[in-house]
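We use all heavy atoms of the structure for the numbers below, so side chains are in, but hydrogens, waters and symmetry mates are not. Chain naming here is simple, since letters A, B, ... match the order of the sequence lines and numbering starts at 1 in each.
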Number of protein chains: 2
Amino acid sequence: MPTPHYGQPRYRTIADELRHRIENGIIQPGALLPAESTLTAEFQASRGTIRQAIAALREEQLVTTEHGRGTYAHTPQHKSRIDKEIETETLQRQIPADPELASLFEVELGTALFEEQILTRRNGAVETVTRLYRVR
Amino acid sequence: MPTPHYGQPRYRTIADELRHRIENGIIQPGALLPAESTLTAEFQASRGTIRQAIAALREEQLVTTEHGRGTYAHTPQHKSRIDKEIETETLQRQIPADPELASLFEVELGTALFEEQILTRRNGAVETVTRLYRVR
DNA sequence: AGAAATTTGTCCGTATGTATC
DNA sequence: AGATACATACGGACAAATTTC
């Protein structure tokens, strides 16, 4: 079995197709892409090639991949609109580092971290909760 | 022959070693790295693993590769400029609502929430972790 | 100029490890 | 605990770009 790749490489063609689906909402923002095994079947390509295509999308910041979970499509929302209807509430406190934060900050599990929590409300209902962590 | 990778993956170890050589001038800035075949012999790893290590360095902007030519080490000027920049990493995932979030959003405990996590790094170290939650 | 050698690029198949559901 | 999904690693084959002779 030869492996010709005249012109455009296969993994790039696949990446282009997946990008198209994400940008056109065929794959919803935040949704999981089909599993590698599924894509393997659909594109009739080896898993390595599929992974190469996904790696290309990852470099474009178009998707993120989580071990054992899957690959998520990004939301193309770069809207920095400031809505005046939105009320915010801010709260500051200290919390112990959970395993993930401890790992990210490279501190011991349970180390006190500085946390700022910002609520945004629309019509009274909480719309988003933002938590910002820093080492103290 | 099994292919265990307890702890640190092999390609990362190799990438670390090559990074060390570049940063310490063992490989001169602008110089060619050893060929993949040479590295394969030195590290006793498959070509794929060597290529993965080099790909990691490429993502760090520490080297560039040219087809048929080789991989060049970057100049320290370039590197230090990159290091002064603040890098961000974004991750999107779904997580179950903890008690506080459930209360704020007025949903059942454990309801799947949409989470976007943004890391900011300065010189490689995580400076802040921001987590933004929404109901989906 | 041309052929051969060198070096990176693409693709496949397989096996096993690790994280998540 | 089992199933599913991504991660790592090996090996082989052929393509394409560059350098060398």
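- For B:Y11, the listed nucleotide lying nearest its side chain is D:dT8; candidates were D:dA7, D:dG11, D:dT8.
- Straight-line distance from the CD atom of A:E36 to the C1' atom of C:dA19: 13 Å, rounded to whole Å.
- Straight-line distance from the CG atom of B:L91 to the P atom of C:dT20: 11 Å, rounded to whole Å.
- Atom P of nucleotide D:dA5 and atom NE2 of A:H67 are separated by 13 Å, given to the nearest angstrom.
- By the 6.0 Å contact criterion, CD on B:E106 is open, its count of non-hydrogen atoms from other residues, nucleotides or ligands being 12 or less.
- Of the candidates D:dA9, C:dC12, D:dT18, D:dT18 carries the atom nearest the B:R69 side chain, counting heavy atoms from C-beta on.
- Comparing D:dC10, C:dT8, C:dG13 against the side chain of B:A35 picks out C:dT8 as the nearest.
- Listed pair A:T49 / C:dC12 meets the phosphate criterion, a side-chain N or O lying under 4.0 Å from OP1 or OP2.
- If you check D:dC10, C:dG9, C:dT7 against the side chain of B:T65, the one that comes closest is C:dG9.
- For B:E66 and D:dA17, the CD to P distance is 13 Å, given to the nearest whole Å.
- Residues A:L57 and A:T71 have side chains not in contact (no heavy-atom distance under 4.5 Å, counting atoms from C-beta outward).
- For C:dG9, the base has a donor-acceptor partner in the side chain of B:R47 [N/O atoms by modelled type, under 3.5 angstrom].
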